[in-house]
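Naming: A, B, ... by sequence-line order, numbering from 1 per chain.
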There are 2 protein chains.
Amino acid sequence: MTGQVRTVDGRVAGRRGQETRQKLLDCLSEMLSSSPYRDVKVIDVARKAGTSPATFYQYFPDVEGAVLELAEQTAAESGGLAELLEGRSWAGKSAWQTAQELVDGFLEFWRKNDAILRVVDLGAAEGDKRFYKIRMKVLNSVNNSLADSVAALQAKGRIDKDVNPAAIAGSLVTMLAAAASHQKGFSSWGVKQAELKPSLALLVHLGVTGKKPAK
Amino acid sequence: MTGQVRTVDGRVAGRRGQETRQKLLDCLSEMLSSSPYRDVKVIDVARKAGTSPATFYQYFPDVEGAVLELAEQTAAESGGLAELLEGRSWAGKSAWQTAQELVDGFLEFWRKNDAILRVVDLGAAEGDKRFYKIRMKVLNSVNNSLADSVAALQAKGRIDKDVNPAAIAGSLVTMLAAAASHQKGFSSWGVKQAELKPSLALLVHLGVTGKKPAK
DNA sequence: CGGTAAGCTGACGACATGACAGGACAAGTG
DNA sequence: CACTTGTCCTGTCATGTCGTCAGCTTACCG
């Protein structure tokens with residue numbers, strides 16, 4: 001799956017090299033959580049990893065290159081999000097539970113990978129194709145699943161024919177992602193986490209099924 | 001209203017000084033649209049403005065300081081967003097129109113101020129209080145208005161008592177802002193702008209009124 | 001015309017960047 | 001055990017940005 005890991009100058013990395021490389025990635029990840037992306041410097045990452053800047057450049061072209069690598073790793077782990085919807089039903093009472101569990105799982109995933117996802121989001125918003133490819137990869141499973149559900153209910157005539165299922169699904173997924181990023185912002189509006197979740201679940205439910213949840 | 005403009009070292013800026021300062025801000029704004037925030041350098045902004053880096057530091061402590069200033073200006077212009085909802089009704093057919101016009105106006109505002117709002121969003125997501133204060137200022141008028149409408153309908157028993165109006169409103173506003181930032185991302189999902197807008201309007205309508213629009 | 005304050009810049013030390021050549025180290029070979 | 005080989009890491013250097021300061025230029029006013 002993962003083609004051999006290579007250094008910038010083309011050599012294949014051995015055991016020791018891969019360890020160093022991973023350590024650099026780990027330290028970078030930590031730095032991203034504790035300081036703004038703009039202020040992350042190669043020299044700091046290297047120092048934190050107990051190595052030198054030159055070593056960093058042996059494995060990554062620059063900070064952005066390493067960030068992309070981290071983002072890819074995160075995207076690879078995002079498969080778990082798909083399970084939140086696999087085999088779930090959007091009918092009757094179970095729909096409300098499905099919505100709640102989706103919101104829960106989604107926020108949890110975002111909270112865990114908070115720092116790197118923030119950078120991915122920025123890169124995507126700035127129009128960098130590499131980043132929004134990754135962003136898509138992360139959101140795709142949930143997005144497709146939601147779109148399918150909307151399309152299915154649409155076929156039953158429960159939802160207006162001329163809305164695009166992918167657009168509804170995309171809007172909902174975008175909302176979840178943004179809400180997760182701005183949880184602190186909500187508290188400034190006097191909204192606590194515990195109050196935010198049901199609201200998001202309600203909106204997801206409304207968006208997918210077109211009607212209020214039957215609790 | 002605007003307290004006197006001052007240089008970093010405390011002098012009051014005169015006519016010429018204010019011109020230079022504004023020119024630097026304009027150039028910074030342009031640079032933000034054309035290159036990633038991370039890569040915006042003082043020296044480039046200064047060169048573009050036909051002046052020297054030292055001059056830049058006379059008016060702003062650093063790039064971030066200038067960005068905050070730009071963001072404040074944008075926030076000040078965000079009053080227009082309030083008008084999108086002033087005196088509008090969420091009853092019957094007019095509700096659908098209200099929702100559509102809100103989405104239209106919101107996306108338009110975001111498109112216009114795209115670059116700076118992106119940076120504000122990042123700053124807020126990174127937990128910088130100065131930035132999320134500004135983000136709140138921009139979103140507040142719409143958010144409060146929506147929250148009031150939800151609360152009103154809630155009083156009439158049309159919406160579940162135990163959802164927090166501010167949480168619903170905040171979620172919707174957050175969705176609009178994020179959708180506006182990621183319009184390119186939607187096109188990768190095969191969703192065109194023209195299809196996105198009605199979906200967002202639908203979700204807003206559902207969220208505020210709790211039921212499908214009567215077109 | 002001379003004084004004063006605003007406005008601007010050249011130059012500088014400090015530091016991050018990114019490239020290279022060469023030293024350190026582990027593993028295999030005779 | 002000495003020797004070779006290839007991986008891995010670092011010291012060092014040219015380049016370029018950062019942020020500061022002293023001092024020159026410009027505008028305004030009596």
Side-chain angles (χ1 to χ4, degrees), chain A residues 2-32 34-70 119 123, chain B residues 2-28 30-32 34-70 119 123 130:
Chain A
T2 53
Q4 282 203 318
V5 178
R6 289 183 174 276
T7 59
V8 167
D9 56 337
R11 285 192 301 231
V12 291
R15 198 206 82 241
R16 197 152 71 103
Q18 297 213 19
E19 276 174 18
T20 306
R21 199 182 118 102
Q22 191 57 49
K23 190 167 195 172
L24 285 167
L25 283 176
D26 292 344
C27 291
L28 171 58
S29 177
E30 261 188 75
M31 301 228 61
L32 282 176
S34 60
S35 53
Y37 177 42
R38 209 164 177 278
D39 294 346
V40 172
K41 307 289 177 201
V42 169
I43 197 172
D44 297 321
V45 177
R47 224 183 332 243
K48 197 178 178 86
T51 178
S52 80
T55 301
F56 181 96
Y57 287 108
Q58 196 146 53
Y59 296 105
F60 309 102
D62 49 26
V63 174
E64 199 175 273
V67 163
L68 274 167
E69 174 77 26
L70 268 182
V119 179
Chain B
T2 53
Q4 283 203 317
V5 179
R6 289 183 173 276
T7 58
V8 167
D9 56 338
R11 287 191 301 224
V12 291
R15 200 206 79 241
R16 196 150 72 104
Q18 296 212 20
E19 276 173 20
T20 306
R21 200 182 117 102
Q22 190 57 49
K23 190 167 196 173
L24 284 167
L25 283 176
D26 292 343
C27 291
L28 171 60
E30 263 188 73
M31 302 227 61
L32 282 176
S34 60
S35 53
Y37 177 44
R38 209 164 178 279
D39 294 345
V40 171
K41 307 287 178 200
V42 170
I43 197 171
D44 297 322
V45 177
R47 220 174 347 233
K48 197 179 179 83
T51 179
S52 80
T55 301
F56 181 97
Y57 286 107
Q58 195 146 54
Y59 296 105
F60 309 102
D62 49 26
V63 174
E64 200 176 272
V67 163
L68 275 167
E69 174 76 26
L70 268 181
V119 179
R130 296 165 306 170

Are [X] and [Y] packed together at the side-chain level, in the sense that at least one heavy-atom pair is separated by less than 4.5 angstrom?
X	Y	answer
A/Arg21	A/Glu69	yes
A/Glu64	A/Tyr37	yes
A/Phe60	A/Leu25	yes
A/Val63	A/Lys41	no

Quick one: [X] [atom1] to [N] [atom2], roughly how many Å, whole number?
X	N	atom1	atom2	answer
A/Glu64	C/dG18	CD	P	11 Å
A/Phe56	D/dC8	CZ	P	17 Å
A/Met31	C/dA16	CE	P	12 Å
A/Ile43	D/dG11	CD1	C1'	13 Å
B/Tyr59	D/dG19	OH	P	18 Å
B/Lys41	C/dC15	NZ	P	17 Å
A/Phe60	D/dC9	CZ	C1'	15 Å
A/Leu24	D/dC8	CG	C1'	12 Å

Quiz item: Want to settle it: does A/Pro53 or B/Arg47 sit nearer the 5' end of DNA chain D, counting the closest nucleotide to each?
Solution: A/Pro53
State which of [options] makes the closest approach to the side chain of [X].
X	options	result
A/Thr51	D/dC9, D/dG11, D/dC21	D/dC9
B/Ala54	C/dG10, D/dT10, D/dC18	C/dG10
B/Thr20	C/dG7, C/dT9, C/dA16	C/dG7
A/Tyr57	D/dT10, C/dG10, C/dG18	C/dG18

Quiz item: Counting only side-chain N and O atoms of A/Thr55, is one of them less than 4.0 Å from OP1 or OP2 of D/dC9?
Solution: no
Self-check item: Point-to-point distance, once rounded to the nearest 0.5 Å, from CD of A/Gln58 to CG of A/Leu24
Solution: 10.5 Å
